[in-house]
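Side chains are part of it too, since the values below use all heavy atoms of this structure and drop only hydrogens, waters and symmetry mates. Quick note on labels: first sequence line is chain A, next is B, and so on, each numbered from 1. Remember, it's a predicted structure, so these values are computed and weren't measured experimentally.
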2 protein chains.
Amino acid sequence: MSELSRAERRQRTERRILDTARELFAQRGFERTTIRAVAQAAEVDPALVMQYYGSKQRLFDAAVRVAEPPAGEAGPEELIEELLGSLDVKLGELPPASLAMMRSMLTHPEAAASARGVLGRQIERVGRSLPGERARLRAALMTMIMLGVAVGHQLLELDELRDVPPEDIARLLRPCLQALSEG
Amino acid sequence: MSELSRAERRQRTERRILDTARELFAQRGFERTTIRAVAQAAEVDPALVMQYYGSKQRLFDAAVRVAEPPAGEAGPEELIEELLGSLDVKLGELPPASLAMMRSMLTHPEAAASARGVLGRQIERVGRSLPGERARLRAALMTMIMLGVAVGHQLLELDELRDVPPEDIARLLRPCLQALSEG
DNA sequence: TCGTTGAGTCAACGACTGTTGAGCGAAATG
DNA sequence: CATTTCGCTCAACAGTCGTTGACTCAACGA
């Protein structure tokens, strides 16, 4: 039937485990996601998950590794659009890796550290290209605004934010971010 | 030595267990907080916790029961000040029951439901006294802004928000909320 | 003073968890 | 075809958890 070399099958299995884990971590968090559940959803023996990823924590690390935006400089207006677009709203859905990290960041220490890292870098990036005083603090508030909306929208799934076109949210949020962007 | 009636000691023990549980739930979340840990911190046998509260879930329910603001009507400016004040920033610290609920709201289904309830009522309250179109959506965004800042400040403990006088945060956030409050 | 109540403890059960080492069987290699 | 490699499974261990029932003993009421 399927003409797959051993190496190919092996890579496919490993990736299937990783994708399944990401999804489960994203929707249940670290503690409620068991190796056994990942294995079952990936149609694999639990021991295989361990063999490939070493431990549940390392599986989680691999699952939440997230691509960060390029390090180039940008003006405040572009950064606002980047915030509105990349962090959450415009696409209507965050990448599963980000969701997985966010889901566990309040209850799993390692996820919290990871989130602090990502958010810290974004704050620094935004703050560096912000004019006026207290740039870092204002950048932090801008970032937390986006985080709050993302949490309510994608993790808590509040009725009031459901089925709202991302454009509408972006349009309402823009003045808030601009107010913080200017002194 | 201590002149305490049996009923008094009993009430005191029960309350000590509840306070301890609240604190542990607030700083570790539902899953990482064990009945055994609560019992040890309260200097009591784990079985006693069960005897008083029935189950871990019911202990959690009792621990996160939070006082909601009175139902009276208010104008937009007052509501902004109430948001800035009560939800988190002005006092510099949220009540432990709120922290406990927030800590677990992304990973524990019952905590999520509880959070949706509290946030939903606040959104409705704010939205009802907001002029213009899309009042509920704008109220939801205002609420999520406060939630995001509270999360970053009190749960993630971001460096950029640490040791910042709550007044400063409130002053920077006010224009954001006003932008959403007006059409 | 004596029997009763009830606050609190002790030891254990059963379920579930992450993790491990031995082993199977098919694909790769010669 | 014979042998080795290795993807994968099976069964089990050790620990932790929520939860329970029997028990202890000091405070209480008559």
Side-chain angles (χ1 to χ4, degrees), chain A residues 1-22 24-25 27-64 100 103-104 107-111, chain B residues 1-22 24-25 27-64 100 103-104 107-111:
Chain A
M1 289 294 178
S2 53
E3 290 298 322
L4 291 173
S5 77
R6 192 134 82 154
E8 270 178 325
R9 282 194 66 86
R10 146 88 206 228
Q11 281 189 356
R12 246 166 235 241
T13 308
E14 188 168 336
R15 184 173 210 110
R16 175 160 38 96
I17 292 174
L18 185 61
D19 291 341
T20 306
R22 232 193 304 262
L24 288 185
F25 280 137
Q27 70 186 61
R28 306 186 200 181
F30 182 85
E31 341 272 351
R32 292 184 112 86
T33 300
T34 67
I35 296 271
R36 283 171 164 88
V38 171
Q40 184 174 0
E43 291 174 320
V44 144
D45 191 272
L48 195 63
V49 181
M50 295 299 301
Q51 188 177 332
Y52 287 168
Y53 293 94
S55 71
K56 184 183 177 183
Q57 178 58 45
R58 291 234 289 278
L59 173 63
F60 182 78
D61 292 341
V64 302
R103 177 73 72 188
S104 297
T107 43
H108 187 54
E110 322 261 351
Chain B
M1 289 292 177
S2 53
E3 289 299 323
L4 291 172
S5 77
R6 189 135 82 154
E8 272 178 324
R9 281 195 65 87
R10 146 87 202 227
Q11 281 190 355
R12 248 169 235 238
T13 309
E14 189 169 336
R15 183 173 213 111
R16 176 160 38 96
I17 291 174
L18 185 61
D19 291 340
T20 306
R22 230 192 306 262
L24 288 185
F25 280 136
Q27 70 186 64
R28 305 185 202 182
F30 182 85
E31 339 273 352
R32 294 185 109 86
T33 300
T34 66
I35 296 271
R36 284 171 162 89
V38 171
Q40 185 175 359
E43 292 175 318
V44 144
D45 191 90
L48 195 63
V49 180
M50 295 299 300
Q51 189 176 332
Y52 287 168
Y53 292 94
S55 71
K56 184 184 177 183
Q57 179 58 45
R58 291 234 287 279
L59 174 62
F60 183 78
D61 292 341
V64 303
R103 176 74 71 187
S104 297
T107 43
H108 186 54
E110 322 263 352

Output the rounded distance in Å from [atom1] ([X]) to [atom2] ([N]).
X: A/His108; N: C/dG18; atom1: NE2; atom2: C1'; value: 13 Å
X: A/Arg12; N: D/dC6; atom1: CZ; atom2: P; value: 20 Å
X: B/Leu48; N: C/dC10; atom1: CG; atom2: P; value: 12 Å
X: B/Glu8; N: C/dG8; atom1: CD; atom2: P; value: 13 Å
X: B/Glu43; N: C/dT9; atom1: CD; atom2: P; value: 10 Å
X: A/Arg16; N: D/dG7; atom1: CZ; atom2: P; value: 14 Å
X: A/Gln40; N: C/dT17; atom1: CD; atom2: C1'; value: 15 Å

Would you say [X] and [Y] make side-chain contact, with heavy atoms under 4.5 Å?
X: A/Arg12; Y: A/Leu4; value: yes
X: B/His108; Y: A/Arg32; value: yes
X: A/Leu59; Y: A/Phe25; value: yes

Task: Pair partner, D/dA30 [Watson-Crick or wobble, under 3.5 Å] - done: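 D/dA30 is paired with C/dT1.
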Exercise for the section: Have a look at B/Tyr53 and say if it touches a base, only the backbone sugar-phosphate, or nothing, with a 4.0 Å heavy-atom cut-off. Expected result: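 Nothing, no heavy atom under 4.0 Å.
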* To do: State which residue, out of A/Val38, A/Ile17, A/Thr20, fulfils the side chain to side chain contact (heavy atoms under 4.5 Å, CB included) condition with A/Val44.
  =>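 Result: among A/Val38, A/Ile17, A/Thr20, A/Ile17 is the only option passing the side chain to side chain contact (heavy atoms under 4.5 Å, CB included) with A/Val44.
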Check: Just by modelled atom types, is the B/Glu14 backbone N or O under 3.5 Å from a matching donor or acceptor in the B/Tyr53 side chain?
Finding: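 Looks like yes, one N/O pair under 3.5 Å.
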* Asked: Can you find a side chain N or O atom of A/Tyr52 that sits less than 4.0 Å from OP1 or OP2 on D/dC8?
  ->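 Yes, because at least one side-chain N or O of A/Tyr52 sits under 4.0 Å from OP1 or OP2 of D/dC8.
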* Asked: Counting only heavy atoms not in A/Gln40, do more than 12 fall under 6.0 Å of its CD?
  ->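 No, not enclosed.
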In 5'-to-3' order, the base (B), backbone-only (S) or no-contact (-) status of each nucleotide in nucleotides 15-20 of chain D, using a 4.0 angstrom heavy-atom cut-off, is --BBBB
B/S/- along nucleotides 25-30 of chain C (protein heavy atoms under 4.0 Å) is -BBS--
Is the Lys NZ or Arg CZ of B/Arg58 less than 6.0 Å from the centre of B/Tyr52's six-membered ring, within 45° of the axis?
->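 Output no; distance or angle outside limits.
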Salt bridge between B/Arg16 and B/Asp19, side-chain N to carboxylate O under 4.0 Å?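 Salt bridge absent between B/Arg16 and B/Asp19.
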Item checked: salt bridge (Lys or Arg N to Asp or Glu O under 4.0 Å) partners of B/Asp61, counting only residues at least two apart ->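 Counting only residues at least two positions away or on another chain, B/Asp61 forms no salt bridge (Lys or Arg N to Asp or Glu O under 4.0 Å).
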